[in-house]
Amino acid sequence: MSERKVRVRFAPSPTGALHIGGVRTALYNYLFARQHGGEMIFRIEDTDSNRFVPGAEEYILESFKWLGIPFDEGVSFGGDHGPYRQSERKSIYKKYVDQLLEAGKAYIAFDTPEELDAKRGEVANFQYDASTRGSMRNSLTLSKEEVDALIADGQQYVVRFKIEPNENVVVNDQIRGEVVINSSILDDKVLYKSADQLPTYHLANIVDDHLMEVSHVIRGEEWLPSAPLHVLLYRAFGWEDTMPAFAHLPLLLKPEGNGKLSKRDGDRLGFPVFPLEWKDPKTGDISSGYREAGYLPEALINFLALLGWNPGNDQEVMTMDEMIKLFDLKRCSKSGAKFDYKKGIWFNHTYIQQKSNEEIAELFLPVLKENGVEAPMDTVVAVVGMMKDRVNFVSELWDSSKFFFVPPTAYDEKTAKKRWKEDSAERMTELAGVIEALEDFSPQNQEAVVMQWITDNGYHMGNIMNAFRLAIVGEGKGPHMFDITSIIGKADTIARLKRAVEVLGTK
Ligand code: GLU
């Protein structure tokens, strides 16, 4: 077992946008595979054609591309265990269904939906299992001739798994330890439907994991109830020796209160639950995505990695390589992980600080452009360097730093009332003259000369600087004054001073 090559798979059903919990599942699979020098497969589980949503597969692929999680094998990646879309593997599954039928581990059932409904009305808590299958229309109660005749007649049927009652089924879970359930609570699951000649999720999932040599099944907790059935299927096929190890990841919980995270929580509290924006092809509804909301993929990955796993110390900020080194299924929690979206915002802030000013400037350029600003790259880089520690998202840079690129069109009323004094107009006119005379416009020289001018004239430093800031920025905030003026330049500084004098005048 320990010799076995690590092969994991991420196997979504293309039923819509990829939920953020699915992203975490894929991430943990990726970390685990990379740590063990293994491989990760991308498989599409599309045997339920009723739930197929066009565009979902492409959406999922684009999400992982954005996130920087590459697959080694699978749909769109190739590999020698394909095809990797279950709908293209129809011919493969039939053989395995027949194998179970021949071994008496599965049987054919003809019960129509109406008959099943009638039975449910008759028997309280009806379940198709050892206690009821003897009274149903199936190959266990009908003769071989009758069964053949019904099939020849074109009657639709399903193949059900024959579960032996009263047996303790043990699922050895890498996170939860031994999970034991009694087989009597399981129903004889449908494995195959003649109507579409397709297996159900359970059969296709097991056959594919086997044929694709999957060594570890790491998936969400919602699949834990299916695991005993899956163990029984491996046994029925005689594949116990190569049965993958299971690990069921903890649920993602609401940020507040109880229960599992839903899209409604995101809508209510204002955070996305999908990696990318998603437009529902049926309703046209648009759901927000992390990418469009301005998250850096690295920040989202780091945030998700810690929702249900910890590295055993209090390190929070980790590169992908560090996470690959540190990841450990044993350090995944059994209990649900609260989706603290504010922590996600904190990670984004932190990653913005860690990135170079040049990288953030690249991301800021399109925002500037949207606002009609085209500025030289070195100016943008300088502004980013001064302002990035004040923002959580690149888009917020516009609001906090637009005064670098466009003169104020209005002056904050409260600030003006407090900081534009009786003599401000006169002083700012003088200051414009002082600046005009500067030959060296470096921040150091500006500061030295302006300070000297203030001292020589016995002016009030605070009053001068406050009025100066109001004239240049339009409000009372912003970084060091002379850093701002050296970016906007001498001419603009003078123009802004003159305009403030004109608009705010003498009180
Ligand atoms: N197709 C299932 C899903 O949509 C896969 C579950 C599993 O990983 O076994 O998540």
Side-chain angles (χ1 to χ4, degrees), residues 6-33 38-53 55-61 63-64 69 71 73-75 81 83-89 93 161 171-176 179 189-191 198-234 237 239 242-252 260-263 273-275 278 304 308 329 332:
V6 167
R7 284 176 55 85
V8 298
R9 82 309 193 259
F10 182 63
S13 297
T15 54
L18 175 63
H19 193 269
I20 202 71
V23 175
R24 185 199 55 176
T25 298
L27 172 63
Y28 284 18
N29 274 282
Y30 175 73
L31 297 177
F32 186 79
E39 285 147 5
M40 177 160 74
I41 304 161
F42 181 61
R43 184 170 77 218
I44 287 289
E45 303 211 325
D46 57 349
T47 54
D48 186 351
S49 51
N50 296 324
R51 297 183 60 218
F52 178 83
V53 173
E57 181 185 304
E58 293 75 8
Y59 173 95
I60 296 169
L61 282 166
S63 300
F64 290 116
I69 297 181
F71 291 85
E73 210 178 297
V75 172
H81 293 71
Y84 293 93
R85 232 180 247 114
Q86 290 186 330
S87 58
E88 292 165 16
R89 297 172 65 79
Y93 303 118
F161 191 32
V171 179
N172 236 316
D173 189 287
Q174 307 269 306
I175 296 172
R176 285 147 216 277
V179 180
K189 272 274 172 316
V190 172
L191 302 178
L198 274 173
T200 57
Y201 154 73
H202 299 288
L203 185 100
N205 188 267
I206 276 24
V207 167
D208 285 352
D209 281 350
H210 174 72
L211 294 177
M212 295 178 186
E213 300 178 84
V214 168
S215 65
H216 293 75
V217 166
I218 303 170
R219 61 184 172 188
E221 179 175 318
E222 63 275 25
W223 299 99
L224 184 58
S226 303
L229 169 72
H230 294 178
V231 169
L232 290 174
L233 273 168
Y234 280 105
F237 280 119
W239 296 336
T242 54
M243 181 165 82
F246 289 104
H248 290 91
L249 304 173
L251 280 180
L252 293 184
K260 73 179 217 231
L261 175 70
S262 73
K263 182 161 147 23
V273 297
F274 301 130
W278 167 254
L304 290 177
L329 286 172
C332 288

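Heavy atoms only: backbone and side chains are in, while hydrogens, waters and symmetry mates are out. In each ligand, atom 1 is the first atom listed, and ligand 1 is the first ligand listed.
Looking at Tyr84 and Asp208, their side chains never bring a donor and an acceptor atom within 3.5 Å of each other.
Of all the atoms in ligand 1, the ones that sit under 4.0 Å from a non-hydrogen atom of Ser13 are 1 (N), 4 (O). Against a heavy-atom cut-off of under 4.0 Å, Arg219 is close to the following atoms of ligand 1: 7 (C), 8 (O), 9 (O). Against a heavy-atom cut-off of under 4.0 Å, Glu45 is close to the following atoms of ligand 1: 1 (N), 2 (C), 5 (C).
In this structure, Tyr201 has a heavy atom closer than 4.0 Å to ligand 1. In this structure, Arg9 is part of the shell of residues with a heavy atom less than 4.0 angstrom from ligand 1.
Looking from atom 10 (O) of ligand 1 to the surrounding protein, the closest heavy atom is Trp223 CZ2, 3.4 Å. The protein heavy atom nearest to atom 5 (C) of ligand 1 is Ala11 O, 3.2 Å.
By the 4.0 Å N-to-carboxylate-O rule, Arg85 lies too far from Asp46 to be salt-bridged with it.
Only the side chain of Asn205 comes within contact range of ligand 1, with a heavy atom under 4.0 Å; no backbone atom does.
Pro275 and Val23 get closest at one heavy-atom pair: CG-CG2, 3.9 Å. Residue Trp239 comes nearest to Val207 through the heavy atom pair CZ3-CA, 4.1 Å, listed as atom of the first residue, atom of the second, then distance.
Every pair tested for side-chain hydrogen bond (donor to acceptor under 3.5 Å, both in side chains) that includes a residue from residues 20-29 fails, sequence neighbours excluded, so the list is empty.
Residue Tyr93 holds its OH atom at 10.5 Å from OG1 of Thr200, rounded to the nearest 0.5 Å.
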